[in-house]
Amino acid sequence: MADNPKQKPESPDKGGARILDDNLLMRQRRQKAQELKEAGVPLFPNNHRPRDLIAELKTQYDRLDGDRLEAMDDMKFSIAGRIMAIRSFGKAAFIKLQDRSGSLQCHLERDRIGAERYGLFKKLDVGDIIGVKGSLFRTRTQELTLRVDSWNLVTKSYRSLPEKFHGLTDVEQRYRQRYLDLIMNQETRDTFQARSTIVATIRNFLMNKGFLEVETPMMQIIPGGAAARPFETYHNALDMHLYLRVAPELYLKRLVVGGLERVFELNRNFRNEGISIRHNPEFTMLEFYQSYASYEDLIPITEEMFCACAKAVKGVTKFTYQDREIDLTPPWRNLDFRSSLLEIGGVPPSVLFDVDKAVGLARELGAAVRPGEGLGKALAKIFDALVEPELWQPTFITGYPLDISPLSRTNDLDVEIVDRFEFFIAGREMGNGFSELNDPDDQLGRFREQAVAREAGDDEAQFMDLDYVRALEYGMPPTAGEGVGIDRLTMLLTDQPSIREVILFPLLRPEQA
RNA sequence: GGGCCGUUAACUCAGUUGGUAGAGUAUCUGCCUUUUAAGCAGAGAGUCGCGUGUUCGAGUCACGCACGGCCCA
């Protein structure tokens, strides 16, 4: 392959051979595999069907004492899993078998399974996947153990697993080779189990409230719905530039115009921005929209949904995150945006209505503020620096400036602000909700202002979307909508400090230059 | 983009003022039928991330690059 001159250098599998390294351990394993094969043991058969799950055996039989188990010696069980440890003696061995549900110790005796099969068993390696059949018993230390009558190889493993005591701890290797991380680390398996539970809980929660789950384009001609830089791509057959969506918002609201009065989408967004402990270029967002509701109606729904997730994962709504207590019990704190700047940020009142002072303070705090950016943007940057990190307990912040909220309905009493909240837990934004702007003329004006900002160099400004305005001209019922960051919620409920710990395959540069 | 830290055997890690590269686990060989980080005896296993430089001599010092982590932007 490597010496094929026709091989394109850009080929995605270039260098594939380079990472398929060869070392003594692998040569030994392949040698033993060859011996097994020659003895008539298939290395990669696909005819094994385990009947039992380890966790279910434990649930059913771990409460029985040794005598009871011996009395049911003719009851046979069949499990399959990966060999995680072998403790071998001359004519018998203990192995630890791990399946998706847990792990169980098994005991193999030469005199029980026969000298020939026992000899072949000795050629197996830690990491191999095997099936075993036998009965349950208790060892001297009372550990529930399967007494193996017969075994069969299900899948040969050529690579040796990490050391049993420390396991795999190298962060880079854990992310690049997540499969290995999952084999070795129960905590990783638990984290992604929790993630699945959270997603399922949210789906059930919304469906029970009459929401319809929908899927809208991830490849968009006009990327809208959030202040973020999009990824660009290209469709060959249509000869057309496309963007990966930064949010599904404008499509979901088109569906509300269409009469789907309660909709949600729970799927991936893409933002072409920096990577950090709380940002991955692709991330998962819930967005849901409810007609005949305002942003205030979303507050109890949000509280209820988060509590449902916490109960599903942790069983409680009070827990610790990174050694600090979090209490999700409703009602959550509710604080006005400007008040939060004064009370939590310690910002002088004069800054709140003075663009120059706000920009000055934002810059003092190290934020990049472009010339021409308005008061709202500057205040938002001050908020990010001074207030957000302090919002440890769940807090709704309301009364956001209009100029940073181009899709939100203007407040009826104060035209400087919109009917919107963001909410924060553990010093992080967890979500954003507002009464949707459904006046098409107002929306068109907001898009025009965004276009001006874009001209001025704001590459996070919204794109003009005339079809969306046209949809609003047909009439969108008054609607409240909300977005929730699923990765961050998962971090919160699994006590993980980094978003990469809750994304199975976080984005990394390639190993090889 | 900037700062700090890391990269040594399959894994987890030592490696002193620059002087032939170490341990534990894993592996291999022998013994061992209730172990559970099993035990005992022996053995093998390394482009020290990559490159350049300094030096008689570099895992170690300098510079550059790559990848990763944390912090800042």
Side-chain angles (χ1 to χ4, degrees), chain A residues 15 18-33 35 66 69-70 83-98 103-115 118-119 121-128 134 136-148 157-181 183-185 273-280 322 362-370 381 384-385 389 427 496-501 505-513:
Chain A
R18 271 182 293 167
I19 61 165
L20 293 178
D21 45 13
D22 177 51
N23 58 52
L24 179 67
L25 295 181
M26 289 184 69
R27 288 198 297 275
Q28 286 171 339
R29 283 175 168 244
R30 284 179 182 273
Q31 174 61 34
K32 285 193 288 182
E35 289 165 19
L69 290 172
E70 294 296 341
I83 301 175
M84 296 304 291
I86 301 177
R87 291 181 288 276
S88 178
F89 302 82
K91 301 181 187 65
F94 287 98
I95 63 172
K96 190 175 149 196
L97 217 58
Q98 175 175 293
S103 60
L104 183 72
Q105 175 168 273
C106 305
H107 191 228
L108 292 94
E109 297 157 81
R110 188 193 64 174
D111 293 346
R112 178 171 278 264
I113 65 176
Y118 192 75
F121 159 75
K122 293 273 239 180
K123 293 192 189 298
L124 297 181
D125 292 305
V126 170
D128 288 350
L136 289 170
F137 76 108
R138 277 191 192 281
T139 62
R140 278 179 196 160
T141 55
Q142 299 306 307
E143 178 165 348
L144 188 69
T145 303
L146 189 88
R147 183 181 284 125
V148 173
S157 166
Y158 289 140
R159 285 182 183 265
S160 55
L161 292 177
E163 176 230 336
K164 63 190 169 201
F165 189 57
H166 298 91
L168 183 69
T169 63
D170 182 84
V171 174
E172 182 173 357
Q173 201 176 352
R174 285 184 46 240
Y175 296 162
R176 286 193 195 282
Q177 297 179 257
R178 186 65 91 181
Y179 43 88
L180 199 52
D181 185 27
I183 291 170
M184 296 306 298
N185 294 318
E273 292 163 359
I275 294 177
S276 81
I277 203 167
R278 64 181 81 175
H279 296 91
N280 194 64
Q322 300 294 296
R363 288 199 170 130
E364 231 173 84
L365 293 166
V369 184
R370 265 189 315 278
K381 283 170 183 176
D384 289 349
Q496 293 296 343
S498 167
I499 195 169
R500 293 182 207 90
E501 295 292 344
F505 298 100
L507 187 65
L508 300 174
R509 292 179 197 270
E511 290 175 71
Q512 309 280 342

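Below, chains carry the letters A, B, ... as their sequence lines are ordered, and counting in each starts from 1.
- Both distances falling under 3.5 Å, in either a Watson-Crick or a G-U wobble arrangement, occur for no nucleotide opposite B:U60.
- Remark: side-chain polar atoms of A:Tyr118 are paired, donor with acceptor, to backbone N or O of A:Ala92 under 3.5 angstrom.
- Of the candidates B:G68, B:A37, B:U12, the closest approach to any side-chain atom of A:Phe165 belongs to B:A37.
- The main-chain N or O of A:Val148 is never found under 3.5 Å from a side-chain atom of A:Arg112 such that the two would form a donor-acceptor pair.
- Computed from coordinates, the A:Glu163 CD to B:A10 P distance equals 14 Å when rounded to whole Å.
- Using atom P as the reference point in both B:U12 and B:A26, the two lie 15 Å apart (nearest Å).
- Nucleotides B:G57 and B:C65, compared at atom C1', are 25 Å apart to the nearest Å.
- Close to B:C28, at under 4.0 Å from its OP1 or OP2, lies a side-chain N or O of A:Lys32.
- The side chain of A:Arg500 lies closest to B:C70, out of B:C70, B:C11, B:U35.
- Pairing of B:G1, defined by two Watson-Crick or G-U wobble distances under 3.5 Å, is identified with B:C72.
- Of the candidates B:U33, B:G69, B:C11, the closest approach to any side-chain atom of A:Asp111 belongs to B:U33.
- No aromatic stack links A:Phe89 and the base of B:U33, using centre distance under 5.5 Å and interplanar angle under 30°.
- Of the nucleotides present, B:G30 is the one that pairs with B:C40 by Watson-Crick or G-U wobble criteria, both distances under 3.5 Å.
- Distances shown here put every side-chain N or O of A:Arg87 at or beyond 4.0 Å from the OP1 or OP2 atom of B:U25.
- Ranked by how close their nearest RNA chain B nucleotide is to the 5' end, A:Ser160 and A:Ala85 are led by A:Ser160.
- Across every strand in view, B:C13 sits in a pair with B:G22 that passes the Watson-Crick or G-U test at under 3.5 angstrom.
- No side-chain donor-acceptor contact under 3.5 Å links A:Ser88 to the backbone of A:Ile86.
- Counting any heavy atom pair closer than 4.0 Å across all strands shown, A:Leu365 reaches sugar-phosphate atoms only and no base atom.
- With hydrogens and angles left out, the side chain of A:Thr169 and the base of B:U12 share no donor-acceptor pair within 3.5 Å.
- Using a 3.5 Å distance cut-off with no hydrogens or angles, the side chains of A:Arg159 and A:Gln177 do not pair a donor with an acceptor.
- Under a 4.0 Å N-O distance rule, the pair A:Glu35/A:Lys122 does not qualify as a salt bridge.
- Rounded to whole Å, the distance from CG on A:Asp125 to P on B:C28 is 6 Å.
- Across all strands, A:Tyr158 comes closer than 4.0 Å to no nucleic acid atom at all (heavy-atom distances).
- A gap of 26 Å separates the P atoms of B:G64 and B:A9, to the nearest Å.
- Taking atom CE on A:Met184 and atom P on B:A37, their separation rounds to 15 Å, with Å as the unit.
- Judged by atom type and distance alone, A:Gln173 does not reach the base of B:G68 through any side-chain donor-acceptor pair under 3.5 Å.
- Figure legend. B:U55 is base-paired to no nucleotide; pairs are counted as Watson-Crick or G-U wobble with both atom distances under 3.5 Å.
- Summarising the geometry, the separation between CD1 on A:Ile275 and P on B:G1 is reported as 12 Å, rounded to the nearest angstrom.
- A:Phe505 does not carry A:Arg178 over the face of its six-membered ring by the limits of under 6.0 Å from the centre and within 45° of the normal.
- Residue A:Arg147 has its side chain nearest to B:U34 when only B:A10, B:U34, B:G68 are considered.
- Relative to the side chain of A:Phe94, the nucleotides B:C70, B:U33, B:U35 differ in distance, and B:U35 lies closest.
- Spacing of P atoms, B:G24 relative to B:C56, comes out at 38 Å, to the nearest Å.
- Here, B:G46 and B:A10 have their C1' atoms 12 Å apart, quoted to the whole Å.
- If you check every strand for non-hydrogen atoms under 4.0 Å, A:Arg27 touches nothing.
- The side chain of A:Asp170 has B:U12 as its nearest neighbour among B:U12, B:U34, B:C67.
- Residue A:Arg110 places none of its side-chain N or O atoms closer than 4.0 Å to OP1 or OP2 of B:U33.
- For the C1' atom pair drawn from B:G39 and B:U34, the interatomic distance equals 14 Å after rounding to whole Å.
- Between B:U47 and B:A66, the distance separating the two C1' atoms is 16 Å to the nearest Å.
- For A:Arg159, no side-chain nitrogen or oxygen approaches OP1 or OP2 of B:A10 to under 4.0 Å.
- The NZ atom of A:Lys91 sits 16 Å away from the C1' atom of B:U35 (whole-angstrom rounding).
- Among the heavy atoms of the strands, none lies under 4.0 Å from A:Gly274.
- Judged purely by atom type and a 3.5 angstrom limit, A:Arg278 has no side-chain atom pairing as donor or acceptor with the backbone of A:Ser498.
- Using N1 to N3 plus N6-O4 or O6-N4 for Watson-Crick, or N1-O2 and O6-N3 for G-U wobble, each under 3.5 Å, B:A66 pairs with B:U7.
- At a threshold of 4.0 Å, the pair A:Arg174-A:Glu501 counts as salt-bridged, since one of the basic side-chain nitrogens sits closer than that to a carboxylate oxygen.
- Both A:Leu24 and A:Leu108 lie near RNA chain B, and the one whose nearest nucleotide falls closer to the 5' end is A:Leu108.
- Straight-line distance from the NE2 atom of A:His166 to the P atom of B:A26: 12 Å, rounded to whole Å.
- Remark: the A:Gln105 side chain and the B:U35 base include a donor-acceptor N/O pair separated by less than 3.5 Å.
- Atom CG in A:Asn185 sits about 10 Å away from atom P in B:U12, given to the nearest Å.
- Closest contact between the side chain of A:Glu109 and the listed nucleotides B:A10, B:U33, B:C32 involves B:U33.
- Comparing the C1' positions of B:U20 and B:G53 gives an interatomic distance of 23 Å, to the nearest angstrom.
- A:Leu144 places a side-chain heavy atom less than 4.5 Å from the side chain of A:Leu69.
- Distance alone, capped at 3.5 Å, places no donor-acceptor pair between the A:Asn280 side chain and the A:Ile275 backbone.
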Every protein N/O lying under 3.5 Å from an N/O of nucleotides 48-50 of chain B:
none

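- A:Leu161 comes within contact range of no nucleotide atom at all, as no heavy-atom separation falls under 4.0 Å.
- Following rounding to the nearest Å, A:Leu25 (CG) and B:C28 (P) show an atom-to-atom distance of 9 Å.
- Classified by interplanar angle (parallel below 30°, tilted 30° to 60°, perpendicular above 60°), the ring pair A:Phe89/A:Phe94 is perpendicular.
- Ion pairing between A:Asp125 and A:Lys32 holds under the 4.0 Å rule for side-chain N and carboxylate O.
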